[in-house]
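Note on naming: letters A, B, ... go to the chains in the order of the sequence lines (proteins, then strands), and numbering restarts at 1 for each one.
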Number of protein chains: 2
Amino acid sequence: MAKTSARQGTAPRNYPKGERRRAQIIEAAFTAFGQVGYRNASMVQLAAACDVSRAGLLHHFPTKESLLEAVLEERERQDDAHFFGSGAVNRDGLEYFASMIRLVAHNQANPLIVSLFAVLSGEATAADHPARPYFVARYERTRRQMQLAVDDLVRRDLLRPHVDASGLAADLIAFIDGLQIQWLLSPDAIDMPDHLRKLLRGLISVELP
Amino acid sequence: MAKTSARQGTAPRNYPKGERRRAQIIEAAFTAFGQVGYRNASMVQLAAACDVSRAGLLHHFPTKESLLEAVLEERERQDDAHFFGSGAVNRDGLEYFASMIRLVAHNQANPLIVSLFAVLSGEATAADHPARPYFVARYERTRRQMQLAVDDLVRRDLLRPHVDASGLAADLIAFIDGLQIQWLLSPDAIDMPDHLRKLLRGLISVELP
DNA sequence: CCTACCGATCGGTAGG
DNA sequence: CCTACCGATCGGTAGG
């Protein structure tokens, strides 16, 4: 499963038209999966939305699952770009959580991003769902990374008394995920970055950078 | 929409065979909706699972939506039974959250209950989903009720310093919802009532009853 | 990328 | 006019 490059799959390098089509299809699938989920999204409607025949769509993505994989990689790339681009060195817990607030604010400005994971992660809890292994691995990795940031705050004695640092990473991830559901259902009642900021102020004894 | 009785829909009173069939169908749909979601569940498979013809199924639930409605009512009834049965008077914040921990423990022993809402709430964020109005209303109501419990703790000065009580209800609901996703994906890595207990200990300055 | 197809399954409705 | 179903089939659409 090792990938040496961001590009993968059926698209060769330097066919600009094919690359653009590919990107267009991924974007349309990103939207569709986020709106109705993976299983309920239809390849026929996706092809129509991209002004391509079904056979044309299948040229770029021979199966629906290959398209799902590409969409998840695209989403992963966006998260990475945000984190690495913002100078959030993993070792600094304060920088990590400041970056997290910015990411949540960025996502709130882009409902499609929020929708994709809220819908897919629920759907992918099914035992036979093709995205289940991806989400299991992603949550394990995210918990491990965020717990490093938490542990850094513990070491520097920046957590408030009575805050239990064990499992705090899972708690914060859960909080953000759950908030997305409430925001998608009642966007006017919930301000996600505001909730996260307030919650973190109750956990961390200094102001975030 | 006022319901004077728990019984509703097409089933009249005192047809024991019909009532049993109805309950069996609701249970099967409860499972199916929780496993693959509403849209992806099929009336044909549901009928087969209940050893009933499709026409027989449609006699009890003339549309798929009517079955969804019955399933959501059944789930609501289970929650209510838990809360009222445990003597959790809404006005007492400590009792409320103690009851909440028991509910989460009960749900963790019954994955189907967890699955149903985790899958449906994600699916129902879609603009045209038949369960969207239900979930919007349910979250609004739950936030309001839980905030009453939070406000009671504020009045009695039982929240730790630096805890922001405004919007805390939404935060706790989000936390529980998000934890369910992680638990469904990695049941061995997450213990939901344990996480909730530890989190509440960081918020509330006295031990829960 | 196209046309021309496949086996199957969808939710809902008919008369009896 | 009731309940509790039955076998058959409608027009459309699914992924490949």
Side-chain angles (χ1 to χ4, degrees), chain A residues 9-29 32-33 35-71 120 123-124 126 128-131, chain B residues 7-30 32-33 35-72 120 123-124 126 128-131:
Chain A
T10 57
R13 30 181 125 171
N14 259 331
Y15 287 82
K17 191 178 170 189
E19 287 290 292
R20 261 182 284 125
R21 211 34 126 188
R22 231 183 109 83
Q24 181 194 14
I25 293 168
I26 291 175
E27 198 191 321
F33 292 169
Q35 279 172 351
V36 299
Y38 169 71
R39 289 203 256 224
N40 200 253
S42 123
M43 294 290 269
V44 170
Q45 286 171 19
L46 234 28
C50 297
D51 270 311
V52 163
S53 72
R54 257 188 54 211
L57 173 58
L58 292 172
H59 165 74
H60 291 286
F61 299 97
T63 65
K64 202 185 183 186
E65 275 197 42
S66 69
L67 181 51
L68 172 62
E69 204 179 310
V71 166
L120 281 191
E123 193 182 354
D128 63 340
H129 196 282
Chain B
R7 173 185 286 113
Q8 61 84 239
T10 56
R13 29 181 127 171
N14 260 332
Y15 286 81
K17 189 179 170 190
E19 288 289 291
R20 261 182 285 125
R21 220 16 139 193
R22 229 183 112 82
Q24 181 195 13
I25 293 169
I26 290 176
E27 197 191 323
F30 198 106
F33 292 168
Q35 279 173 351
V36 300
Y38 168 72
R39 289 203 256 223
N40 200 254
S42 124
M43 294 290 270
V44 171
Q45 286 172 19
L46 235 28
C50 296
D51 270 311
V52 163
S53 73
R54 260 189 50 213
L57 173 58
L58 292 173
H59 165 74
H60 292 285
F61 297 97
T63 65
K64 202 185 184 187
E65 274 198 42
S66 70
L67 181 50
L68 172 62
E69 203 179 312
V71 166
L72 292 175
L120 281 191
E123 192 183 357
D128 62 341
H129 196 283

Identify whether any heavy atom of Leu57(A) sits under 4.0 Å from a base atom; if not, whether one sits that close to sugar-phosphate; answer base, sugar-phosphate or nothing.
-> nothing
Straight-line distance of [X] [atom1] to [Y] [atom2], nearest 0.5 Å:
X         : Y         : atom1 : atom2 : value
Glu69(B)  : Lys64(B)  : CD    : NZ    : 15.0 Å
Glu123(B) : Glu123(A) : CD    : CD    : 8.0 Å
Ile25(A)  : Arg20(A)  : CD1   : CZ    : 12.5 Å

Side chain to side chain contact (heavy atoms under 4.5 Å, CB included) partner of Pro130(B), the single match among Thr63(B), Leu68(B), Leu72(B) | Leu68(B)
Separation of [N] [atom2] from [X] [atom1] (nearest whole Å):
X        : N       : atom1 : atom2 : result
Gln24(B) : dA4(D)  : CD    : C1'   : 14 Å
His60(B) : dA4(D)  : NE2   : C1'   : 6 Å
Phe61(A) : dC1(C)  : CZ    : C1'   : 15 Å
Ile25(B) : dC5(D)  : CD1   : C1'   : 11 Å
Arg39(A) : dT13(D) : CZ    : C1'   : 18 Å
Arg22(B) : dT3(D)  : CZ    : P     : 12 Å
Leu67(A) : dG15(D) : CG    : C1'   : 13 Å
Arg21(B) : dA4(D)  : CZ    : C1'   : 9 Å

Dot-bracket encoding of pairs in DNA chain D, which uses [ ] for pseudoknotted crossings and | for another strand, Watson-Crick or G-U under 3.5 angstrom | .....|.|....|.||
Would one find more than 12 heavy atoms of other residues, nucleotides or ligands at under 6.0 Å from atom CD of Glu27(A)?
-> no
So, are Asp51(B) and Arg21(B) salt-bridged, with charged N and O less than 4.0 Å apart?
-> no
Which whole number of Å gives the distance between the P atom of dA4(D) and that of dG16(C)?
-> 22 Å
Integer angstrom distance from the C1' of dA14(C) to that of dC6(D) = 12 Å
Where do Leu46(A) and Ala28(A) come nearest, in terms of heavy atoms and distance?
-> CD1-O, 3.7 Å
Scanning both residues in full, the closest heavy-atom pair of Arg22(A) with Phe61(A) reads NH1-CE2, 3.6 Å
Arg39(A)/Arg39(B) under side-chain contact (heavy atoms from CB on, under 4.5 Å): CA gap, chis, key distance, verdict | CA-CA 9 Å; Arg39(A) 289 203 256 224; Arg39(B) 289 203 256 223; over 6 Å; no
For DNA chain C, which residues in residues 41-48 of chain B have a heavy atom at a distance below 4.0 Å?
-> Ala41(B), Ser42(B), Met43(B), Val44(B), Gln45(B)
Check nucleotides 6-10 of chain D against the protein and report each pair of N or O atoms closer than 3.5 Å, with its distance, or say if there are none.
unit_1: dC6(D); atom_1: OP2; unit_2: Ser53(B); atom_2: N; d: 2.9
unit_1: dC6(D); atom_1: OP2; unit_2: Ser53(B); atom_2: OG; d: 2.4

Please answer whether the main-chain N or O of Glu65(A) pairs with a side-chain N or O of Tyr38(A) as donor and acceptor at a distance below 3.5 Å.
-> yes
Can you tell if the side chain of Leu67(A) reaches within under 4.5 Å of the side chain of His60(A), non-hydrogen atoms only?
-> no
